[in-house]
Amino acid sequence: MKFDKPKQHTIVFKVSDNIKEKMIKHYEDMKCEKTPPYAIFQVKDFDCVTTLYESGKVMFQGIGADIEASFWTEQERVLNNRLIDTESNKKDKKEEKKTFINVSSIGSDEVGTGDYFGPLVVTASYVSKENIAYMKELKVRDSKQLTDETIIKIAPELIKNIPHTTIILSNKEYNDYHSTDINMNKIKAILHNKCLLSMVEKEPNYEKIVVDQFENPKSYYMHLNNVPKKVTNITFMTKAEDQCMSVAASSIISRYIFLREMKKLSEKYNITLPLGASSKVDEVGASLVKKYGQDILKDIAKLSFKNTEKIYEMTK
Ligand code: MN
């Protein structure tokens with residue numbers, strides 16, 4: 001197995017007062033005895049050194065800097081509605097992004113998380129350097145930018161020629177898993193990890209592993225706490241489909257399989273199941289419940305969505 005050579009990163013930004021307080025509490029039991037000048041504390045983790053200064057500036061250094069910092073930028077976003085751009089802190093980030101297009105990579109992406117009806121589909125693909133020209137020829141791009149017709153044309157080619165693993169989580173399975181402890185992102189993390197594991201074992205000659213980011217890296221790994229085998233040398237990227245061929249392939253394959261499953265479900269119940277989670281979805285859901293009873297939703301929809309209550313309301 002080949003691993004990326006770890007990159008040393010430094011990320012610095014100023015935290016808001018409430019986050020500063022939270023950090024002091026969070027790192028309370030981990031801080032070093034010695035504190036650098038003007039610092040409140042310093043914590044040395046095995047892959048990241050975190051230093052908080054009196055001024056409110058925080059510095060993350062080391063190969064785990066991304067993951068550690070992302071936990072706090074996420075807090076800023078959720079609690080203070082504040083977006084912190086840690087990218088601009090990393091001079092090598094742009095360079096790094098460019099290099100993803102032309103390397104052998106394993107990449108994963110999912111479809112169905114925004115759709116009330118239909119399964120969750122996750123795919124991980126391996127695109128070798130040699131296959132990149134072929135991918136460009138096929139005009140492989142982000143599946144969201146492609147029409148369903150194009151996807152139906154390209155995807156079978158990819159399925160034939162690009163090594164991949166796809167997991168389809170049926171609605172019944174999704175509804176059984178989903179609980180107060182297991183949210184959508186946790187389910188996604190577990191499925192991505194499963195697909196990636198299988199590809200890493202089948203195709204060990206990759207240079208990079210890329211996941212189209214749906215969660216900050218620290219939370220992603222926290223979701224996998226109880227999973228015995230996990231892929232850890234992942235680069236998380238937003239809009240990864242544009243920058244990484246294997247993620248683009250995975251997004252197209254997932255989309256294709258999702259559409260196929262939706263067609264099957266639609267045929268089974270003799271009604272066109274709409275995509276998304278709009279009021280159109282509620283209408284179709286209500287007419288199905290009237291015809292087959294409430295239990296029908298367990299087999300064709302993601303009950304955790306707000307649509308479920310609306311549909312129950314409509315069919316009272
Ligand atoms: Mn995605």
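When a ligand or atom number is given, it counts from 1 through the structure's own listing order. We're numbering straight along the sequence, starting at 1.
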Sequence neighbours excluded, the answer for side chain to side chain donor-acceptor pair (under 3.5 Å) partners of Gln294 is none

Side chain to side chain donor-acceptor pair (under 3.5 Å) pairs touching residues 260-273, sequence neighbours excluded, are Glu261-Lys264

Shell check on the Mn ion (ligand 1): protein N, O or S atoms less than 2.8 Å away are Asp109 OD1, Asp212 OD2

- Message: Between Glu313 and Lys310 (salt bridge meaning N to carboxylate O under 4.0 Å), is one present in this structure?
- Response: no

Donor-acceptor pairs are to be reported for all side-chain atoms of residues 35-59 against protein atoms at under 3.5 Å, with residues two or more places apart or in another chain.
from  : atom 1 : to    : atom 2 : distance (Å)
Gln42 : NE2    : Thr51 : OG1    : 2.8
Ser55 : OG     : Lys57 : N      : 3.3

Report task. Identify whether the distance between the nearest side-chain nitrogen and carboxylate oxygen of Lys298 and Asp295 falls below 4.0 Å. Result -> yes

Is any side-chain heavy atom of Leu191 closer than 4.5 Å to a side-chain heavy atom of Glu110?
-> no

